[in-house]
There are 2 protein chains.
Amino acid sequence: MTTARTPTRNRGNRRAEILDAAARLFAARGFHGVSIEDIGAAVGVSGPALYRHFAGKEALLAEMLLDVSSRLRESAAAVVTSATAPAASSAETLDALLDAQITFALEQPALITVHDRELGNVPEPHRRRIRRLQRLYVEEWVTVLAELHPGCPAARLRAATHAVFGLLNSTPHSAGELPARDMRPLLRAMARAAVDAAVNAR
Amino acid sequence: MTTARTPTRNRGNRRAEILDAAARLFAARGFHGVSIEDIGAAVGVSGPALYRHFAGKEALLAEMLLDVSSRLRESAAAVVTSATAPAASSAETLDALLDAQITFALEQPALITVHDRELGNVPEPHRRRIRRLQRLYVEEWVTVLAELHPGCPAARLRAATHAVFGLLNSTPHSAGELPARDMRPLLRAMARAAVDAAVNAR
DNA sequence: TCGAGATGTTAGTCATCGTTAACGTAACCG
DNA sequence: CGGTTACGTTAACGATGACTAACATCTCGA
């Protein structure tokens, strides 16, 4: 519990440390169920110290969600654009998208949880930007799925995408059931099968 | 918007009306993001009137979750026991479980949402009972899945069950994307495929 | 008719919470 | 050195919110 390490402590890490602790707390008890004092205590400082790093509680949440949604979106964009150069099959691109999302869900369950629960608590300037990024991320998936099965209406593909996210983001609920080593292939297999079933019309 | 109908108004309905409104509000803004005043306003009375019907805010939540989890559990028990009499295949039993859960998710999205987010806010006497019912519900599924593929370890089946719940409960997120008429078969197909993929070892 | 019970209302309480203010201190830089 | 910057502290302030108290009203059964 001795927090100090060097006289000049963890310099830029405080912000990240706070964001990390806040994510876990928000995921566990919800945005309004966590106080500024709680977050401070989780990183070893107390209360109003957070205002040295963030403009306020909502700003903290906004930055957190903005970071998550842009990271997701960027990872998807990277996968898709890098795949267009060679004649990569849409199926392979989809697998890459799946793997990226699975990695994120397994490594950052708290962030994933907060990301799809707490958007409503972000004030309006940033709210729109986050929604936009989320929409772009979904559309990335929809585009790939559309190539996989051109006849399928976009609404159905969107619904299927959300369903797959629901499946993959269930990770926090089954925490501890299965080690990540087994969880990853299980989720991959289930998600792939679900996507195929959705895309192959009935 | 004229709320009165007969002089002797909706007698026993007030409680149900309150629970319904509270479920929607909790789903949208989280337990701590909703005030007693908000819930009262949603049913046309104001504030402390709720204490004529519930002991408090937490008691209201407890009753809501207890009701949901026992209804789910009962529906699953009914499906399973009614299926054992004839030589119903496990696959058919699983389909019945799936359909029941899909119906619930499509008809009561708010309840489903609150059910897997807000357990942490239920005080301890009831918390245990709700957890117990949830566990029994999951075990009902696991039992059926185990018959479907005896070699599969129970932990894997449990994880798969949670993943399927995640898929089916994604309904609130894709609200409006697709009409329920199309949503139901889509969810059914995706869930069935996901279950098969999970159970057939790799 | 009248008293009881069920169901509201408004006004107040007490705790909690987000945020600001005022103040320390240690490192760095001229 | 001396002063700025970065980062903390504790003490308030104001708002909100859960819950209680005191007080109507309406329906109904004896």
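As the structure is a computational prediction, the values presented were derived from the model and not from experiment. Per chain, numbering begins at 1; letters A, B, ... match sequence-line order.
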*Asks:* Side-chain donor-acceptor contacts of residues 61-72 of chain A below 3.5 Å, not counting sequence neighbours, with atom names and distances?
*Replies:*
residue, atom, partner, partner atom, Å
A/E63, OE1, A/R15, NH2, 2.5
A/E63, OE2, A/R15, NH2, 2.6
A/D67, OD2, A/R71, NH1, 2.8
A/S69, OG, A/L65, O, 2.8
A/S69, OG, A/L66, O, 3.3
A/S70, OG, A/L66, O, 2.8
A/S70, OG, A/D67, O, 3.1

*Asks:* Can you name the salt bridge (charged side-chain N to carboxylate O under 4.0 Å, His left out) partners of B/R192, sequence neighbours left out?
*Replies:* B/D95
*Asks:* Measure CG/B/L50 against P/C/dT10 and give the value in whole Å, please.
*Replies:*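 After rounding, the reported distance stands at 14 Å.
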*Asks:* Determine all donor-acceptor pairs shorter than 3.5 Å in which one atom belongs to a side chain in residues 39-50 of chain A; sequence neighbours excluded.
*Replies:*
residue, atom, partner, partner atom, Å
A/S46, OG, A/E37, OE2, 2.7

*Asks:* By salt bridge (charged side-chain N to carboxylate O under 4.0 Å, His left out), which residues pair with A/R158, not counting sequence neighbours?
*Replies:* A/E139, B/E177
*Asks:* Where the side chain of B/S46 is concerned, which of D/dC7, C/dT9, D/dT9 is the nearest nucleotide?
*Replies:*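 Nearest listed nucleotide: C/dT9.
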*Asks:* Could you give the CZ-to-C1' distance, from A/F54 to C/dT20, as a whole number of Å?
*Replies:* 19 Å
*Asks:* What one-letter contact string describes nucleotides 16-24 of chain D from 5' to 3', where B marks a base within less than 4.0 Å of any protein heavy atom, S marks contact via sugar-phosphate atoms alone, and - marks no contact?
*Replies:* -SSBB-B--
*Asks:* Send over the distance from A/L60 CG to C/dG18 P, rounded to a whole Å.
*Replies:* 11 Å
*Asks:* Figure out the CZ/C1' separation between B/R14 and C/dG8, and round it to whole Å.
*Replies:* 9 Å
*Asks:* Does a side-chain N-to-carboxylate-O contact under 4.0 Å join A/D99 and A/R188?
*Replies:*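 A salt bridge is present here (some side-chain N lies under 4.0 Å from a carboxylate O).
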*Asks:* Output the rounded distance in Å from CZ (A/R15) to P (D/dA6).
*Replies:* 13 Å
*Asks:* Considering only distance and modelled atom types, tabulate donor-acceptor pairs under 3.5 Å from the side chains of residues 121-128 of chain A, sequence neighbours left out.
*Replies:*
residue, atom, partner, partner atom, Å
A/N121, OD1, A/H32, NE2, 3.0
A/N121, ND2, A/E118, OE1, 2.9
A/R127, NH1, A/V122, O, 2.8

